[in-house]
Enquirer: 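My questions will all concern the structure given below.
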Amino acid sequence: MSRRRIVVVGAGTSGSVVSMSLATRSEHEIIVVESGVYSGLDGESRFMNVLADSSLQSLHQVQLVANGPTVPYVQAHCVGGGSAINGMLLTSEVPDVAQGLTSFPQKDELGDVGRALLDAGGEYTQLWWNNGRWNPGRALLHLIDHERIRIISDNVLEVLQSGATAGVRLQESVIEADAVVMCAGAIATPKILLQSGFSRCNTQIGLGLQDHPSITFALELHREIPSVFDAGVVRRGTTSLGEQYLVVAYERASWSEPELGLVSVLLLTPHSRGWVTARDHECDVQINMLDDERDVVAMREAVQSLIETVSHESFRAIARDIYADDEGTSVESLHSLTITELDKWIKMNLRPVSHVAASCHQAVNDDGSLQHVGGVFIADASVLSGVPPSTPAAPVTMEARRIARLVEGSLS
Ligand SMILES: Cc1cc2nc3c(=O)[nH]c(=O)nc-3n(C[C@H](O)[C@H](O)[C@H](O)COP(=O)(O)OP(=O)(O)OC[C@H]3O[C@@H](n4cnc5c(N)ncnc54)[C@H](O)[C@@H]3O)c2cc1C
């Protein structure tokens with residue numbers, strides 16, 4: 001088999017897994033281009049402390065709902081990507097690459113909010129943590145040391161394609177390759193591909209974007225007790241029409257607000273879809289949440305369940321007050337809203353959860369290759385068929401592994 005050059009764009013969750021897989025299974029030359037830095041915070045168990053480092057994130061301007069305001073939306077900007085900064089919640093099957101590298105929290109590692117949710121019917125959730133965070137970016141450092149991959153710190157501006165060869169344009173140079181694997185995430189990947197002009201031959205790039213609609217209540221806590229983890233307890237639920245939702249307890253609202261806990265509900269199985277559009281230097285991201293009436297109904301029931309959860313005596317025992325929104329609306333006052341008023345309130349108060357996916361799912365073939373564009377593959381969250389009915393890092397990891405094998409096969 002001749003040695004080919006593969007460029008991987010982005011060293012986040014999927015980019016690290018793809019590079020690792022290609023480097024260990026083939027002799028191809030692998031060049032990874034990542035615009036972010038290395039985090040160095042994998043020993044930090046409280047993810048709010050990791051999120052306090054703004055150099056590890058990029059903020060995109062996003063509309064969560066049609067005609068709604070534009071809000072800042074966090075995406076990873078570091079080696080390891082979302083896996084280096086995320087909440088470490090793992091509510092689905094553990095991918096084979098992470099076997100033995102996850103754990104469940106213990107009760108004494110939680111704070112009051114997690115314990116209150118346990119008492120209100122919650123369960124411990126698995127975490128991407130085992131004496132350290134599971135960050136696939138760490139494996140890249142090892143592979144660099146063994147000269148199996150090369151990592152370039154730069155920003156990919158454009159993907160190039162001409163006949164059988166592909167390539168990427170960086171800020172001051174061009175790298176030619178036999179294959180380019182896009183792993184820049186569900187917002188940046190379609191943005192780069194659209195800005196490269198591929199919409200001329202592939203009209204599906206950017207379409208189908210999804211995220212989990214989420215509502216968050218804030219708890220003014222009686223006391224601050226330091227916990228080992230910021231989140232470790234969830235409660236799963238199903239609406240009357242079979243849609244799934246997840247209630248998550250957070251011990252702190254941010255690293256600087258230890259007296260404020262949070263409880264969120266996420267609709268895990270949304271139907272609404274949005275899009276990413278981009279031209280020249282402009283990029284619009286519309287997630288279009290609750291556009292589908294089924295999501296409106298499901299989210300209403302999910303929020304009613306959240307209200308019931310925080311009305312449990314275990315929450316009343318730990319919180320002085322519980323607020324439903326930034327205006328200081330009390331949870332009790334939501335009871336008096338009509339269905340129409342509650343639906344409107346939900347739409348106005350949705351929060352981003354950074355689980356975007358599926359923005360290129362119809363633009364690729366089953367092997368991850370970009371339709372009508374030779375030599376370009378996508379292996380990140382944008383190729384999932386929808387936002388997963390779980391926390392997404394595990395499905396992203398599994399899909400990245402699958403596509404890496406197919407990329408390797410296509411070059412053999
Ligand atoms: C704050 C936060 C909390 C989360 N919590 C959880 C959780 O608890 N559990 C869970 O399962 N999932 C969680 N997620 C989601 C999960 O981490 C993501 O679904 C997953 O990491 C997506 O992987 P990806 O490879 O598609 O993108 P990413 O991991 O985001 O990787 C994209 C990479 O591409 C790089 N990049 C972007 N543009 C360019 C460019 N032009 N040139 C070069 N490099 C570029 C970025 O710097 C980044 O490293 C969370 C995500 C965030 C941001």
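Order of appearance sets the numbers: ligands from 1, and atoms from 1 within every ligand. Residue numbers start at 1 and run along the sequence shown.
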Enquirer: For ligand 1, does Ser58 get within less than 4.0 Å through its side chain, its backbone, both, or neither, judged by non-hydrogen atoms?
Expert: neither
Enquirer: Quick test: of every protein heavy atom, which one is nearest to atom 27 (O) of ligand 1, and how far off is it to 0.1 Å?
Expert: Gly185 CA, 3.6 Å
Enquirer: Within the 4.5 Å heavy-atom criterion, are Phe377 and Leu370 side-chain neighbours or not?
Expert: no
Enquirer: Looking at Asp145, I want to see if its CG is surrounded by more than 12 non-hydrogen atoms of other residues, nucleotides or ligands under 6.0 Å.
Expert: yes
Enquirer: Which atom pair, heavy atoms only, marks the closest approach of Val37 to Ser55?
Expert: CG2-O, 4.1 Å
Enquirer: Looking at Thr13 and Ser83, would you say the former's side chain and the latter's main chain have a donor-acceptor pair under 3.5 Å?
Expert: yes
Enquirer: Check each heavy atom of His355 against ligand 1 and say whether those closer than 4.0 Å belong to the side chain, the backbone, both or neither.
Expert: side chain
Enquirer: Going by heavy-atom distance to atom 42 (N) of ligand 1, choose the closest among Val37, Val156, Leu384.
Expert: Val156
Enquirer: Any heavy atom of Thr91 sitting closer than 4.0 Å to ligand 1?
Expert: no
Enquirer: Give a yes or no on this: more than 12 heavy atoms of other residues, nucleotides or ligands lie within 6.0 Å of atom CD of Glu176.
Expert: no
Enquirer: Looking only at protein heavy atoms, which one is nearest to atom 20 (C) of ligand 1, and how far off is it?
Expert: Thr13 OG1, 3.6 Å
Enquirer: Arg235 and Thr309: side-chain donor and acceptor closer than 3.5 Å?
Expert: yes
Enquirer: Just by modelled atom types, is the Gly15 backbone N or O under 3.5 Å from a matching donor or acceptor in the Asp380 side chain?
Expert: no
Enquirer: Any protein heavy-atom neighbour for atom 18 (C) of ligand 1 (distance below 4.0 angstrom)?
Expert: no
Enquirer: Is the closest heavy atom of Leu90 to ligand 1 under 4.0 Å?
Expert: no
Enquirer: Which ligand 1 atoms does Gly82 reach within 4.0 Å, using its non-hydrogen atoms?
Expert: 17 (O), 21 (O), 28 (P), 29 (O), 30 (O)
Enquirer: Could you measure the distance from the NE2 atom of His355 to the CG atom of Leu266? Nearest 0.5 Å is fine.
Expert: 6.5 Å
Enquirer: If you take the nearest heavy atom of each of Pro136, Gly12, Ala188, which one is closest to atom 38 (N) of ligand 1?
Expert: Ala188
Enquirer: Given 3.5 Å as the limit, does a donor-acceptor pair link the side chain of Thr91 with the main chain of Thr391, or not?
Expert: yes
Enquirer: Nearest heavy atom to atom 50 (C) of ligand 1: which of Leu170, Asn86, Thr397 does it belong to?
Expert: Asn86
Enquirer: Which is closest to atom 37 (C) of ligand 1 by heavy-atom distance: Ser14, Ala184, Ala400, Ser390?
Expert: Ala184
Enquirer: When you measure from atom 33 (C) of ligand 1 to each heavy atom in Gly87, Cys183, Ala381, Gly81, which option holds the nearest one?
Expert: Cys183
Enquirer: Run down the list Ser35, Ser354, Ala11, Gly15 and name the one with the heavy atom closest to atom 39 (C) of ligand 1.
Expert: Ser35
